[in-house]
Engineer: 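Below you will find the structure I want to go over with you.
Just so you know, these numbers come straight off a predicted model, no measurement behind them. Every heavy atom of this structure was used, including side-chain atoms; hydrogens, water molecules and symmetry mates were not.
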Amino acid sequence: MRSKTPIFQKMATAMASFSTLHHLSFSLFSNPSLSLRPFRSFPRIINCSRSSLSSSSSSSSPSTSSLQFNISFAPPKPKPKPPMSDQLLDPDDLSSDQLIIPWIVRGEDGNLKLQMHPPARLLHAMANAETEKKKNKKKDKSLDKVSPEPKYSKAARRFFNENFKKPEQRLSKVLAATGVASRRNSEELIFEGKVTVNGSVCKAPQTRVDPARDVIYVNGNRLPKKQPPKVYFALNKPKGYICSSGDVESKSVLCLFDEYLKSWGKKYPGPPKPRLFTVGRLDVATTGLIIVTNDGDCAQRLSHPSSNLTKEYIAAIDGIVTKRHLFAISEGTVIEGIHCTPDSVELLPRQTDISRPRLRIVVHDGRKHEVRELVKSAGLEIHSLKRVRIGGFRLPSDLGLGKHIELKQSDLKLLGGIS
């Protein structure tokens, strides 16, 4: 017998173990008292055949038996190679159980070819689409937070426009309110073509504009959208000041508000400084109460004769006042072609510190120098004249000359129902 190689020695040992396992399993199944226990299965041996078996002696001596086997193993399963992006697929290299999703791509040479994975352009497009979806979701969330604008009916909008919306104003009035110039000077600027509205020159002072919406330029300077708030003051005018701001040589009562205008930015940050003017006028020698504001409508209402606001004056007279003088003043006089009569004339009692007699005269016409003309027509001469009341508002007794106070809503109502 041929000498056994190491491979055949290992096969003989495996067969001996297999024979022992066969006898053990037979004994287990033949004896029911023995409990069956699970045992580990061995790998299956393919094409195992016994070529020869020695029958000499007996089966009890395994050393004397000689076995020969012809054993062969199945070849290993080849691992599929991942094709490259530019590598064409070969149908012969693919196994039957492999799932193939071919992509038909046109190469750089212009020919069509098959490849395993999708083209790079498609992958980039899908990635960009996902990022755009995320951005759109974020935008949608931000839009959901913003509450939509409420929709109102035509009747509601008409009611709002008629009762609450500020109407458009004349261009000259807007220029005067923002402090550019007086209304008359503003009209001159408009006629000269120095004012533009929304990029076009406007030469009509009556043009209706809205400062918050329209773009207005005056001499190349942009008009602010915000207009200054309405302010009202009561000033105790001193002697020697005029009520007009046009005369440079004389002192104007508006100079008494320089300190107030300097601190305007701290009190009202944002809007421009107001252009102040007086309501009515007092001559240079007359002292007392005068209203200063930037509200043109208020000034027009107070100064117009149709308002019938009564004005009270205290006149100090040089000389002696008799009843004849009082009757003459109460009968009135003609001023500028109109006969004017006072509402009341009264001789005030004498005071120890004042030597001259004083008259209290109440008028409502508001003609120029009306009180002085009434006293002059009676043959008397005025030493000093002071206005102490307009309508229902009286000059505070503790307000010194050249001082002013800001009026409240209750004071405005006393002046003539101004709100």
Engineer: Under the side chain to side chain contact (heavy atoms under 4.5 Å, CB included) criterion, do Leu175 and Ile190 qualify, and how do the steps go?
Structural biologist: CA-CA 10 Å; Leu175 297 183; Ile190 296 172; 4.0 Å; yes
Engineer: Checking the side chain of Lys403 only, and the main-chain atoms of Asn236 only, is there a donor and an acceptor separated by less than 3.5 Å?
Structural biologist: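 Judged by distance alone, no pair lies under 3.5 Å.
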Engineer: Tell me whether the rings of Phe257 and Tyr260 are parallel (<30°), tilted (30 to 60°) or perpendicular (>60°).
Structural biologist: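 Perpendicular: the ring planes of Phe257 and Tyr260 meet at over 60°.
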Engineer: For Lys408, is there any backbone N or O sitting under 3.5 Å from a side-chain donor or acceptor partner on Asp411?
Structural biologist: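 Yes, Asp411 side chain to Lys408 backbone: donor-acceptor pair under 3.5 Å.
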Engineer: If you apply the rule side chain to side chain contact (heavy atoms under 4.5 Å, CB included), what do you find for Val231 with Leu276, and how did you get there?
Structural biologist: CA-CA 9 Å; Val231 290; Leu276 300 177; 3.9 Å; yes
Engineer: Name all residues meeting the side-chain hydrogen bond (donor to acceptor under 3.5 Å, both in side chains) criterion together with Ser384; count only those two or more places apart in sequence or in a different chain, and write none if there are none.
Structural biologist: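 By the side-chain hydrogen bond (donor to acceptor under 3.5 Å, both in side chains) rule, Ser384 matches no residue at all.
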Engineer: Looking at Ile320, I want to see if its CD1 is surrounded by more than 12 non-hydrogen atoms of other residues, nucleotides or ligands under 6.0 Å.
Structural biologist: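 Not more than 12 within 6.0 Å, no.
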Engineer: With Asp283 as reference, evaluate Lys239, Lys368, Arg372 under the side chain to side chain donor-acceptor pair (under 3.5 Å) test and give the passing residue.
Structural biologist: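 Exactly one candidate clears the test, Arg372.
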Engineer: Rounded to the nearest 0.5 Å, how far apart are OG1 of Thr287 and CG of Leu235?
Structural biologist: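 Thr287 atom OG1 to Leu235 atom CG measures 11.0 Å (nearest 0.5 Å).
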Engineer: I need the minimum non-hydrogen distance between Cys202 and Thr207, along with the two atoms involved.
Structural biologist: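 Shortest heavy-atom separation between Cys202 and Thr207 comes out as SG-OG1, 3.2 Å.
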Engineer: To the nearest 0.5 Å, what is the distance between CG on Leu359 and OG on Ser344?
Structural biologist: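 It comes to 11.0 Å.
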Engineer: Locate the shortest heavy-atom distance separating Arg358 from Pro349; write the atom from each residue and the value.
Structural biologist: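 Scanning both residues completely, I find the closest heavy atoms to be NH2-O, 3.7 Å.
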Engineer: Under a 3.5 Å distance rule, please check whether Lys251 uses its side chain to pair with a backbone N or O of Cys255 as donor and acceptor.
Structural biologist: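 Judged by distance alone, no pair lies under 3.5 Å.
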Engineer: Could you tell me whether a side-chain N or O of Arg275 sits under 3.5 Å from a main-chain N or O of Thr178, the two making a donor and an acceptor?
Structural biologist: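 Checking the backbone N and O of Thr178 against the side chain of Arg275, no donor-acceptor pair under 3.5 Å is found.
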Engineer: Any chance you could measure Leu374, atom CG, to Glu331, atom CD, to the nearest 0.5 Å?
Structural biologist: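 Atom-to-atom, Leu374:CG and Glu331:CD are 11.5 Å apart.
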Engineer: What residue among Ile361, Leu385, Val371, Leu348 forms side chain to side chain contact (heavy atoms under 4.5 Å, CB included) with Ile314?
Structural biologist: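 Going through the options one by one, the only one that passes is Leu348.
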Engineer: Check the pair Lys230 / Thr293 against side chain to side chain contact (heavy atoms under 4.5 Å, CB included), numbers first and verdict last.
Structural biologist: CA-CA 7 Å; Lys230 306 299 182 183; Thr293 181; 5.7 Å; no
Engineer: For Ile291 and Leu407, run side chain to side chain contact (heavy atoms under 4.5 Å, CB included): C-alpha distance rounded to whole Å, both residues' side-chain angles, the deciding distance at 0.1 Å, then the answer.
Structural biologist: CA-CA 9 Å; Ile291 305 300; Leu407 300 179; 4.1 Å; yes
Engineer: Starting at CZ of Arg213, measure out to CD of Glu168 and round the result to the nearest 0.5 Å.
Structural biologist: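 One gets 4.5 Å once the value is rounded to the nearest 0.5 Å.
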Engineer: Quick one: closest heavy-atom pair of Arg387 and Tyr313, and the distance?
Structural biologist: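 Heavy-atom minimum between the residues: NH1-OH, 3.3 Å.
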Engineer: Using a 6.0 Å cut-off, check whether atom CZ of Arg184 has over 12 heavy atoms from anything other than its own residue.
Structural biologist: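 No, the 6.0 Å shell around CZ holds no more than 12 heavy atoms from other groups.
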Engineer: At their closest point, which heavy atom of Cys243 faces which heavy atom of Ile290, and how far apart are they?
Structural biologist: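 Scanning both residues, the minimum pair turns out to be SG-CD1, 3.3 Å.
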Engineer: Is any NZ, NE, NH1 or NH2 atom of the basic residue among Arg389 and Glu312 found under 4.0 Å from an Asp or Glu carboxylate oxygen of the other?
Structural biologist: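 Glu312 and Arg389: salt-bridged.
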Engineer: Under 3.5 Å, side chain of Arg356 to main-chain N/O of Ala316, donor-acceptor pair present?
Structural biologist: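 No, because the side chain of Arg356 does not come within donor-acceptor range (under 3.5 Å) of the backbone of Ala316.
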Engineer: Is the CZ atom of Arg360 crowded by more than 12 outside heavy atoms at less than 6.0 Å?
Structural biologist: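 Yes.
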Engineer: Does Glu381 have more than 12 heavy atoms from other residues, nucleotides or ligands lying within 6.0 Å of its CD?
Structural biologist: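 Count not over threshold, so no.
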Engineer: Output a table of donor-acceptor pairs, distance under 3.5 Å, between side-chain atoms of residues 217-225 and any protein atom two or more places apart or on a different chain; print 'none' if there are none.
Structural biologist:
none

Engineer: Got Cys298 and Leu415 here, is their nearest side-chain heavy-atom distance under 4.5 Å?
Structural biologist: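 They are not in side-chain contact.
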